[in-house]
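Input: a single structure, listed below in structure tokens.
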Amino acid sequence: VQLVESGGGLVQAGGSLRLSCATSEFPNDDYAVGWFRQAPGKKREAVSCISSRYDFGSTYYLDSVKGRFTISSDNAKRTVYLQIMNLKPEDTAVYYCAAIVMATKCSPYVAEYDDWGQGIQVTVSS
């Protein structure tokens, strides 16, 4: 599956962004799309995920982003969105979307994802 991120950029603290992940068609009905981020010198971490099961009602959020990040999916557009509110300088990172091609639930583990986008920079100024 091919994934292409868009919507990143430079934002002031307290601002908001909506990242988009456009995907090619999945080969089956059960899959998961996750958003990850990697700051300089840090490990890549999962910030959110959405599973196609239960009509995209199954989601995961990293504890530190709950209440500020919202993941959603527009199946007709084959696009997964990550709405980020109240951005903080510590949100600065390269954000990646990734897919598990056959999955019935989300996963926060990098190794479980099959395909990755190229990444997009989000920079939050204080």
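Contact annotation: the side chain of Phe36 never approaches that of Val94 to less than 4.5 Å [non-hydrogen atoms, C-beta and beyond]. Between Leu19 and Arg37 the shortest side-chain heavy-atom distance does not fall below 4.5 Å. In this structure, the side chains of Lys88 and Val124 stay at 4.5 Å or more apart for every pair of heavy atoms.
Atom CG of Leu87 is separated from atom OG of Ser16 by 7.0 Å, given to the nearest 0.5 angstrom. With rounding to the nearest 0.5 angstrom, the CG atom of Leu17 is 9.0 Å from the CD1 atom of Ile120. Atom-to-atom distance recorded for Ile50:CD1 and Tyr31:OH is 8.5 Å, nearest 0.5 angstrom.
The ring-ring contact (aromatic ring centres under 6.0 Å, His included) search around Tyr95 returns none, not counting sequence neighbours. Remark: Arg68 pairs with Asp91 by the salt bridge (Lys or Arg N to Asp or Glu O under 4.0 Å) rule, at least two apart or across chains.
Of the possible donor and acceptor atoms, none in the side chain of Gln12 sits under 3.5 Å from a partner among the backbone N and O of Ser125. Using a distance-only test at 3.5 Å, with no hydrogens or angles considered, no donor-acceptor pair links the side chain of Gln118 to the main chain of Val4. Using modelled atom types, one side-chain atom of Asn28 and one backbone atom of Val101 make a donor-acceptor pair closer than 3.5 Å. A donor-acceptor contact shorter than 3.5 Å is absent between the side chain of Ser58 and the backbone of Ser51.
No more than 12 heavy atoms of other residues, nucleotides or ligands shown are found within 6.0 angstrom of CG on Asp29. By the neighbour-count criterion of 12 heavy atoms within 6.0 Å, atom CD of Gln2 is sparsely surrounded, having that number or fewer from other residues, nucleotides or ligands.
For the pair Arg18 and Tyr81, the cation sits on the ring face: its NZ or CZ lies under 6.0 Å from the ring centre, inside 45° of the axis.
Counting only residues at least two apart or on different chains, no salt bridge (charged side-chain N to carboxylate O under 4.0 Å, His left out) pair has a member in residues 98-114. Among residue pairs with one or both ends in residues 74-85, those qualifying as salt bridge (charged side-chain N to carboxylate O under 4.0 Å, His left out) are Glu25-Arg78; sequence neighbours excluded. Applying the disulfide (SG to SG under 2.5 Å) test to residues at least two apart or on different chains, the pairs with a partner in residues 61-103 are Cys21-Cys97.
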Between Leu82 and Ser48, does the side-chain contact (heavy atoms from CB on, under 4.5 Å) criterion hold? Intermediate values first, please. CA-CA 8 Å; Leu82 186 68; Ser48 188; 3.9 Å; yes
Would Ile100 and Ser107 count as a side-chain contact (heavy atoms from CB on, under 4.5 Å) here? Give the steps. CA-CA 9 Å; Ile100 306 175; Ser107 171; 3.9 Å; yes
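Members clustered with Met85: none, using a 4.5 Å side-chain heavy-atom cutoff among hydrophobic residues.
Checked against a 6.0 Å centroid threshold, the rings of Trp35 and Phe69 do not count as neighbours.
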